[in-house]
Amino acid sequence: MSNIGSYEERIENFDWSISEEELGYKEGDVINIGWYCSDRICAQGKGDRPALLWENSTGEEKSYTYDDLRVCSNGIGAFLRSLGLKEGDRICLFMDRIPELYIGLLGILKIGAIAQPLFSAFGDESLFVRLENAGTSAVITQRKHASKLHKILDRLPDLKHIIIVDYDETRPLKEKEVAFSMDARRQDQLEIFPTRAESPSLLHYTSGTTGMPKGVQHVHYSLISQYLTAKWVLDITEDDIYWCTADPGWVTGTSYGIIAPWALGVTQVVLDSGFSAENWYRFIQKYRVTVWYSAPTAIRSLMKAGEEIVKQFDLSCLRHLVSVGEPLNAEAVTWSEKVFGLPFLDSYWQTETGSIMITNFPGMKIKPGSMGKTFPGIVGTVVDPQTYEPLQEPGRIGLIAFRPGWPAMMRTYWKNEETYQGKFKNGWYMPGDRARIDPQGYFWFIGRDDDVINTAGHLVSPFEVESVLLEHPAVAESAVVSKPDEINMEVVKAFVTLKPGFAVSEELELEIMNFIRKKLSSLAMPQEIEYVDSLPKTRSGKIMRRLLHAKEWGEEIGDTSTLEND
Ligand code: PRX
C-alpha cells in the first residue's frame, strides 16, 4: 500500500481542504490535536491497534494501543487540571524518550494548555532561559533530570509544579515536586478543551545568532499540514511500522514523531537509547520497520560503520526512507541506495515552518544532493538578498523565501513579535537559508544566511555559547564559530582570550568544555578551543566571527575594511 500520486497530479488543484476533509474538519470547528491523535482513531473502531512500541537501552519494552493513548492522555490531562493547570498555561516536557513524553504531549493539548518540549540533555542555563521566557507553570520530568530544575527554581517564580513520572519511595519528593504515574492514572472520560484552529498548541525554542532562544509558537491548525505532508512525503499508511529517529525535544520529533503519525493511525516505534549502527539495524529488523525518517548525521554514522554490518541483518522490511535537518550529501543518497536498495529522500523545513516545505516527493526523479521541490500548496523561491525580488535566472544563489499562509506556519515568537515581523520581507517569509534553484525547479541548499551552527542537525547559537563562556572565571573574550566535521557536518569551535593570571593547560580546557556542556548541552560544547591573544574586531568593537569562520572553512575572507586590528 502507498499514498503516492504523481507530483504533478498532487500539485494540480491543490488545496489544504483536501487535508481538512480527510480529517473531518470544517472552518470554525473545534480542532484539538490531542483528540485527533487518540480519541478519533478509537472512534473509527481502531482502538486496539498498536500506537507505540517502545524499547530502551536495557531492552525493557512497552506497548500502547490507540485506546491506551486515549485513556493515558486523559489521565494526564485530568491530573494537570487537578493541579489547577488550564488552557493557555505553558507546561514543559523534559524527559528522555519515554512513553510519558509522547503521550504527555497529548494530555497537555487535551486541556488546551501549551506544550513546551525541551531536550533532556539541556543543562540548567539552557533550561532556565527557556522556562523563564515562557513563564512555564509546570515541568513534567524524570527523577534524574529534576536536579537541574532545583538549581534554578528560585529564579523561576512562575514555576509551580515539578511532576515526577518515575517516582519511587527511595527518594523523598523535594520542593514543588509531585508524583504522577501515567500507567496507574488511566481515565476513560475527559472533557477536552474546545481549542480552535488558532489556539496555541506548542512552543518550541530555537536558536538565533543574536539574543536568546526564541519560542516558536504553533497552533492546533498545524495538524492540517502535518497530516498531509506525512501522508504524501513520508507515505505513511495504516499498514506501516514507522520510525522517526528524532527526539521530541526538537520539532521533527513532535510534528513527525507524535502528531502526524498518530493522526494517521500508524504504529510507531521508539528506541530510547544512544546511537549504534548495530542497535539501529537490530531494531529495524525486530520491529519490521517499513518507513524510516532520519537525519544526515545518523546516515553518515551508518556509512562509517560500513556495509558489512548491514548484511548481518534482514532489513528487507524497509520500503521508504526520508531525511531531514541538515544537508543530505549526494554520497549518502547513493550509499543508501546501494546498501538498503532505497535512496534516502531529502526533506527541508524548520521549527518555524512546522511542516515539510521542500522535498524529493516520492515518485519524482531524485537528484542526489538536492532538497527537491516545494510541497504542493507551498509557494517557494529564492530571492535577491537586497531587493527580496525572486531571482529569475535559474542557478543563481539567493535567499529561500516562502509565501506565508500554510497551516503549520508559526504564529509568532513568544513575547517577541518584533523579531517575528522581521522574518518577513517583501511579502515573503524568510527562513534564513541560501539556496539555488535549477532549471527543473529543484532546490540546492547552499548554507545558512546567519552564524547559527547546525551540528548533527541541531541548531546552536554562537551568541549563547559565547555568553556562557564569558561566565567562566578564566575567559576574557570569546568568539564561537563552526568548523567542518566529517560526521556532524559542523561542530562548535571557540576562540578564547584568557584573563591575566590564567595560563593555557589541558585541565583548563577540559574545565571550560565541561562548563558549557553542563550549563548548555553536549551539543553546544566546543570540540576545540583555540587560545588567542586578541580577537578580530570591527572598529566599533564587534567581534568579526565571519573572519574566524572563513579561516576554519578555508574560504575567501572578503571585505575587511571595517576591521580594527588588521
Ligand atoms: O538551515 C536549515 C537546516 O536546518 C534549519 C532548521 O533547523 P530546525 O529549526 O532545528 O529544524 C530542523 C528540522 C526540521 C533550516 O533552516 N535544514 C533543515 N533541513 C535541511 C536543512 N539544511 C539542508 N537540507 C535540509 N534538508
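Sequence positions, counted from 1, serve as the residue numbers for this chain. Remember, it's 1-based here, ligands and their atoms both numbered in the order they're listed.
By the side chain to side chain contact (heavy atoms under 4.5 Å, CB included) test, K518 pairs with no residue at all, sequence neighbours left out. In this structure P213 satisfies the side chain to side chain contact (heavy atoms under 4.5 Å, CB included) test together with V129, R130, Y205, E464, sequence neighbours excluded.
Every pair passing side chain to side chain donor-acceptor pair (under 3.5 Å) that includes a residue from residues 352-363 is listed here, sequence neighbours excluded: E352-Y413.
A donor and an acceptor atom, one from each side chain of N279 and S273, are located under 3.5 Å apart. Checked by atom type, the side-chain pair D438/W444 shows a donor-acceptor distance below 3.5 Å.
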Name each N or O atom in ligand 1 that is under 3.5 Å from a protein N or O, and give the partner atom and the distance.
unit_1   : atom_1 : unit_2 : atom_2 : d
ligand 1 : 1 (O)  : D433   : OD1    : 2.8
ligand 1 : 1 (O)  : D433   : OD2    : 3.3
ligand 1 : 1 (O)  : R448   : NH1    : 3.2
ligand 1 : 4 (O)  : G325   : O      : 3.4
ligand 1 : 9 (O)  : T351   : N      : 2.8
ligand 1 : 9 (O)  : T351   : OG1    : 2.5
ligand 1 : 16 (O) : Q350   : NE2    : 3.0
ligand 1 : 16 (O) : D433   : OD2    : 2.6
ligand 1 : 16 (O) : R448   : NH1    : 3.3
ligand 1 : 17 (N) : G325   : O      : 3.3
ligand 1 : 19 (N) : G325   : N      : 3.2
ligand 1 : 24 (N) : E326   : O      : 3.3
ligand 1 : 26 (N) : D346   : OD1    : 2.9
ligand 1 : 26 (N) : D346   : OD2    : 3.3
ligand 1 : 26 (N) : S347   : O      : 2.8

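The aromatic ring centroids of F344 and W292 lie less than 6.0 Å from each other.
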